[in-house]
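As the structure is a computational prediction, the values presented were derived from the model and not from experiment. Letters A, B, ... mirror the listed sequences (proteins, then strands); counts begin at 1.
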Number of protein chains: 2
Amino acid sequence: MNQINRVAIVGGTHGNEFTGAYLIKKFAQFPELITRPSFETVTLLANPQAFAAARRYIDKDLNRCFLRKDLQNPNLNGYEELQAKSIKNRLATKGDKQADFILDLHSTTSNMGLTIILVNTHPFNLKLAAYLSEINPLVNIYYCAFESIAENPFVNSLCELGFAIEVGPIAQGILKAKLFQQTEELIHGVLDYIEQFNQGQIFTTKEALTLYHHLSVIDYPKKDDGTIFCMIHPQLQDKDYQALNPGDPMFLTFDNKTIVYQGESTVWPVFINEAAYYEKGIAMAFTKKEQLKIDDL
Amino acid sequence: MNQINRVAIVGGTHGNEFTGAYLIKKFAQFPELITRPSFETVTLLANPQAFAAARRYIDKDLNRCFLRKDLQNPNLNGYEELQAKSIKNRLATKGDKQADFILDLHSTTSNMGLTIILVNTHPFNLKLAAYLSEINPLVNIYYCAFESIAENPFVNSLCELGFAIEVGPIAQGILKAKLFQQTEELIHGVLDYIEQFNQGQIFTTKEALTLYHHLSVIDYPKKDDGTIFCMIHPQLQDKDYQALNPGDPMFLTFDNKTIVYQGESTVWPVFINEAAYYEKGIAMAFTKKEQLKIDDL
């Protein structure tokens, strides 16, 4: 594997996820914080109009605009669709400006601590994830596999190396100092690791990694007219990454009836009660807890 | 004081405060829950378009649209401005349909527990607030005085009796079952008290009430271009209703410098880090903790 010459830190992909957006503003003011000797670091506020409006998006969720066919479709001209094409041109056009590693900063109302969202199992990403989870026990690894890069609609589809960081719980449209600091420390961990990699040093000797492999998304039970009639059960709220066993409470109806998990095997839910996912019909995502062997680079 | 014949429960005044909006939907489905023998209870989803969009408002904050001069101004035709006039016609037009008591349901990202927001010190409101804080220690009373009703822009300006309920912490755009249940219990407490009042019974013998009297709002320190460069200090986050003394930390700058409270006397902040107040230039509101004597009705 070659040296990493250019790292892009992207924030404000969702305009109401302030932690990442204001970290980008901080790094713009104090660029020395993200400067390392062996590579260039660039920052990008990905959705400035949505950030100004303190909304997730203006026309369409930007982090669903990166399907290859959509990026190539000249008829898609919504604000975020154009923004996605512009970001691709800036970060993923072969040449000097191409990013070798993309870190995309997100936040969630779910209790996901400091989550790394992998979209592939490139050994470099795995080793870096292993290193970050070693230095901070709050770090969890969530792995969303895609059949091919072309089918990955996220910013991170632009580059094989890199991942999203998802921190929570935090409401949309606010900053929490402690989470802001923890996220920044995680970013420093990423940059320091890349620096050491470029210097030919290896930080981690871990041969396996615990990850939460995405299985499926689960909607709220709904009435015929499509409206919800229940909430995340109090016993499941904030229990991201904890085992949910058959028979365990999942939802509580507005008139206080418990709906239990009726699957046949244990799952590990994440994104429990994420605000932005109500409109997507997602109450949580199920994962399977796995040990993954890390291949050599 | 006369009997209370008609109680209005208003929710979804802010479309992304789901607790109140979905309680209104629950009560529409199970009207027996809010039925009491001696009075009629009506419900109102105040801002249906904003609720459908999961946003606080479409054109303008509805809970700032009730200034008397604005309600009388035929030139104000924004969605919420028209909605305010419609709500006034439904709830505050003399006659059969006039509400004698209005309860307006809100939620906040601040750690305000179960807060009653009084906009006057009518003895009935005070006695009811005292009763509610007696049966549930999570209940706090926040008092925002207005020079006159004409200068009160809230839904509650429509009626001398009643108040807003503000529950938190909860992110915008989600439901949390526990807070949903606690809010519903508080509403039942209000309705039960009104029923007993109409029956000629008095629940509380309290002669004084602890309340947090609004003093002023405090903005985030800002750069010349109007952007923020600091956050609520971790030591102040979630400390609503707790004493803030001169010299105590208030803000933390993005580069980790602490800004302390420089006032001369102790204050009790509320609405610390409310998401909707970033655009209003409000980091928190200062209050003074007071004991108020309750006059007889």
Side-chain angles (χ1 to χ4, degrees), chain A residues 16 18-19 22-30 33 51-56 107-110 168-182 184 220 223 227-238 249 251-256 258 272-279 283, chain B residues 16 18-19 21-23 25-30 33 51-56 107-110 168-182 184 220 223 227-238 249 251-256 258 272-279 283:
Chain A
N16 56 11
F18 279 9
T19 309
Y22 279 103
L23 277 168
I24 296 299
K25 288 187 171 287
K26 173 174 179 173
F27 296 145
Q29 195 184 347
F30 306 103
L33 294 172
F51 175 62
R55 285 164 57 186
R56 183 173 177 91
S107 65
T108 172
T109 61
S110 306
I170 184 166
Q172 296 171 342
I174 71 167
L175 289 170
K176 280 196 173 174
K178 210 168 160 185
L179 209 56
F180 185 91
Q181 290 172 327
Q182 289 171 338
E184 189 179 351
Y220 293 92
K223 292 195 275 195
T227 59
I228 61 173
F229 61 89
C230 58
M231 309 168 272
I232 298 295
H233 196 281
Q235 290 180 40
L236 183 57
Q237 177 68 40
D238 296 325
F251 298 106
L252 186 70
T253 68
F254 291 162
D255 54 332
N256 296 323
T258 292
I272 299 170
N273 211 354
E274 158 57 33
Y277 288 178
Y278 278 66
E279 69 171 15
Chain B
N16 56 10
F18 279 9
T19 310
Y22 279 103
L23 277 167
K25 289 190 169 286
K26 173 174 180 174
F27 296 146
Q29 196 185 345
F30 306 103
L33 294 173
F51 174 62
R55 285 164 56 184
R56 184 174 177 89
S107 65
T108 173
T109 60
S110 308
I170 184 166
Q172 297 171 342
I174 70 167
L175 289 170
K176 280 196 171 174
K178 210 167 161 185
L179 208 57
F180 186 91
Q181 291 172 325
Q182 289 172 336
E184 188 179 352
Y220 292 91
K223 292 195 273 194
T227 58
I228 61 174
F229 61 89
C230 59
M231 310 169 271
I232 298 295
H233 197 282
Q235 290 180 39
L236 183 58
Q237 177 67 40
D238 296 326
F251 298 105
L252 186 70
T253 68
F254 290 162
D255 53 331
N256 296 322
T258 293
I272 299 169
N273 211 355
E274 159 56 34
Y277 289 178
Y278 277 65
E279 68 170 14

Looking at NZ of A:K178 and CD of B:Q235, how far apart are the two atoms once the value is rounded to the nearest 0.5 Å? 11.0 Å
Counting heavy-atom pairs under 4.5 angstrom with chain B, the leader among A:I232, A:T109, A:I228 is A:I228
Is any side-chain heavy atom of B:F254 less than 4.5 Å from a side-chain heavy atom of A:Q29? no
Contacts of A:A28 meeting side-chain contact (heavy atoms from CB on, under 4.5 Å) (sequence neighbours excluded), chain-then-number -> none
Can you say whether A:D255 sits under 4.5 Å from chain B via the side chain, the backbone, both, or neither, judging by heavy atoms? both
Carefully, step by step, assess B:L252 and A:Q181 under the rule side chain to side chain contact (heavy atoms under 4.5 Å, CB included). CA-CA 11 Å; B:L252 186 70; A:Q181 290 172 327; 3.3 Å; yes
For chain A, which of B:Y277, B:F251, B:F180, B:F30 has the most heavy-atom pairs under 4.5 Å? B:F180
A:T19 OG1 to B:M231 CE distance, which is reported to the nearest 0.5 Å: 9.0 Å
Heavy-atom closest contact (A:I174 atom, B:N273 atom, distance): CB-OD1, 3.5 Å
Of A:H233, A:Q237, A:K25, the largest count of non-hydrogen pairs under 4.5 angstrom with chain B goes to A:Q237
So for A:F229, is it side chain, backbone, both, or neither that comes closer than 4.5 Å to the heavy atoms of chain B? neither
